[in-house]
Amino acid sequence: MQTFDLEANGLRALNETLQAQTPQTNETAWEVVNPRGSHAIAVGLDAPLDVTVRGSTGYYCAGMNQQATVRIKGSAGPGVAENMMSGTVVVDGDASQYAGATGHGGLLVIKGNASSRCGISMKGIDIVVAGNVGHMSAFMAQKGNLVVCGDAGDALGDSIYEARLFVRGEVKSLGADCEEKEMRPEHLETLRDLLERAEIDARPEEFRRYGSARKLYNFDIDNAY
Amino acid sequence: MCGIVGLFLKDKALEPRLGELLTDMLITMSDRGPDSAGIAVYPGAHPGFAKLTVQADDPARFEGLEASMSDALGADVTLRVKDTHAVIELPADKVAEARDALKTLCPEARVMSAGEAIEIYKEVGLPGDVARRFDIPHLTGSHGIGHTRMATESAVTTLGAHPFSTGMDQCLVHNGSLSNHNSLRRKLAREGVTVETENDTEVAAAYLTWKMQEGHSLGEALESGLEDLDGFYTFVVGTKDGFGVVRDPIACKPAVMAETDQYVAFGSEYRALVNLPGIEDARVWEPEPATVYFWKH
């Protein structure tokens with residue numbers, strides 16, 4: 001295990017070091033100490049690394065991730081795993097707003113709560129939240145799965161395209177063009193797989209599924225002024 | 001952008017360190033607001049006395065003010081000069097009279113705050129420089145609020161810096177921008193509440209002061225602010241013995257809070273809190289949108 005002291009060596013050196021690892025690297029296990037809420041920790045990785053951040057992070061931790069696993073042993077600031085392409089990001093604590101925004105792939109696991117706009121404009125990422133999500137989560141979500149084991153705030157899935165939303169608790173309100181959908185066997189299977197990979201103990205049967213009513217897809221003359 | 005920090009001490013043993021802790025938090029927030037910085041602190045009040053914090057670009061203007069103010073009020077007045085600011089301590093019942101007298105005795109001076117406990121120091125410049133100029137690390141007190149400004153709604157001037165104080169012992173700092181501050185300013189003017197600058201935040205401060213003058217508690221004033229203030233905001237407010245936080249319903253502007261047995265702390269970002277004692281074991285959370293949080297001694 002390589003240990004990197006962020007306070008002593010600085011952010012630029014950290015990201016340059018991690019980004020320089022090739023897919024064939026033998027130095028796959030990394031530990032970042034003294035993160036102290038810094039921004040942009042472990043961003044733009046593109047190798048099968050396993051990076052553990054020992055503490056809470058600021059904005060954009062693990063952004064643009066490909067292949068790597070990034071574990072945050074604390075809470076994450078705004079935009080964690082933003083635009084992730086592949087790999088896994090696990091937050092042990094809470095995540096601030098727009099966690100997993102615009103993500104194209106990979107798995108984001110939040111063991112605590114996520115605040116507003118979780119999964120905004122998600123494009124294929126899978127997000128599993130053990131706690132609650134705030135308002136406007138999955139706003140304009142296009143593809144992927146958002147699993148919420150707790151409650152969802154106002155306007156869940158507003159203007160959603162084809163992402164699938166699974167919520168176990170209460171949904172405060174649904175956004176425009178988002179509706180409850182039938183939970184079919186293939187959805188239960190997807191959910192079971194996601195919960196297992198997220199190492200969260202919950203029964204898929206306890207969730208309800210939400211998705212697009214597809215009424216905003218086409219221009220409707222009755223909506224014109 | 002802007003950065004906010006706040007510290008409300010529950011443990012009196014930390015009071016001598018208030019300035020030092022707040023300065024560290026404030027400097028960490030420099031890159032959120034390098035234009036100007038300010039701080040409001042509440043060192044203990046002296047019964048029967050009040051304080052006016054005044055500012056003049058040229059501190060030489062304060063020369064002789066202690067004597068002339070004492071004469072004008074017919075009472076003992078003390079004056080401490082700190083860089084461009086001076087804190088005038090005077091009998092509590094003479095505050096209005098002193099404000100009037102100031103207009104002739106020192107017309108260049110602008111009142112930053114008035115109250116039994118509050119002192120406000122704010123200037124244009126990097127937060128670290130502002131803290132040094134006013135010796136903020138050595139300030140003591142029960143609670144304090146700081147702000148680093150990246151200006152959007154009005155010019156980078158001393159008077160445009162935060163905190164704003166529009167009522168006795170009240171102060172407010174703001175991250176965000178208000179869209180209805182002009183109409184609200186006119187409404188407040190009709191109610192007899194004057195706002196001194198073109199700044200949007202001062203309107204919010206004056207709005208809360210007005211609500212409290214109408215008999216509402218700070219908590220109630222903040223609740224009605226959620227209805228009447230349009231725009232983006234995370235506010236942190238201080239009163240003589242209280243500390244409050246509220247975010248607009250959209251909650252774009254970041255906020256992190258931490259609480260231990262010793263304190264309640266606010267930061268725009270978690271990194272502002274990392275040097276606080278016992279932060280590793282603090283309860284850390286993000287305040288909910290459109291929810292009023294308030295602590296009182």
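All chains are named by letter (A, B, ...) in the order of the sequence lines, taking the proteins before the strands, and each is independently numbered beginning at 1.
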Using 0.5 Å steps for rounding, measure from the [atom1] atom of [X] to the [atom2] atom of [Y].
{"X": "B:R247", "Y": "A:S115", "atom1": "CZ", "atom2": "OG", "answer": "7.0 Å"}
{"X": "A:Q97", "Y": "B:E286", "atom1": "CD", "atom2": "CD", "answer": "6.0 Å"}
{"X": "A:N113", "Y": "B:E288", "atom1": "CG", "atom2": "CD", "answer": "8.5 Å"}

Nearest atoms (heavy-atom pairs only) where [X] meets [Y]:
{"X": "A:S116", "Y": "B:A251", "value": "OG-O, 4.3 Å"}
{"X": "B:P254", "Y": "A:Y59", "value": "CG-OH, 3.4 Å"}
{"X": "B:Y270", "Y": "A:G37", "value": "CD2-CA, 3.9 Å"}
{"X": "B:R271", "Y": "A:R36", "value": "CB-O, 3.2 Å"}

Near [X] [atom1], under 6.0 Å, is it more than 12 heavy atoms from other residues, nucleotides or ligands?
{"X": "A:Y161", "atom1": "OH", "value": "no"}
{"X": "B:H297", "atom1": "NE2", "value": "yes"}
{"X": "B:K10", "atom1": "NZ", "value": "yes"}
{"X": "A:Q19", "atom1": "CD", "value": "yes"}
{"X": "B:F294", "atom1": "CZ", "value": "yes"}

> So which of B:T28, B:I250, B:V284 has the biggest tally of heavy-atom pairs under 4.5 Å with chain A?
Replying inline: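 Highest number of pairs under 4.5 Å: B:I250.
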> Relative to chain B, which segment of A:S75 carries a heavy atom at a distance below 4.5 Å: side chain, backbone, both, or neither?
Replying inline: neither
> Is chain A contacted by the side chain of B:P289, its backbone, both, or neither, given a heavy-atom distance below 4.5 Å?
Replying inline: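 It is the side chain, since no backbone atom gets that close.
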> Quick one: of A:G77, A:S96, A:P78, who has the most non-hydrogen atom pairs under 4.5 Å with chain B?
Replying inline: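 Of the candidates given, the most pairs with chain B belong to A:S96.
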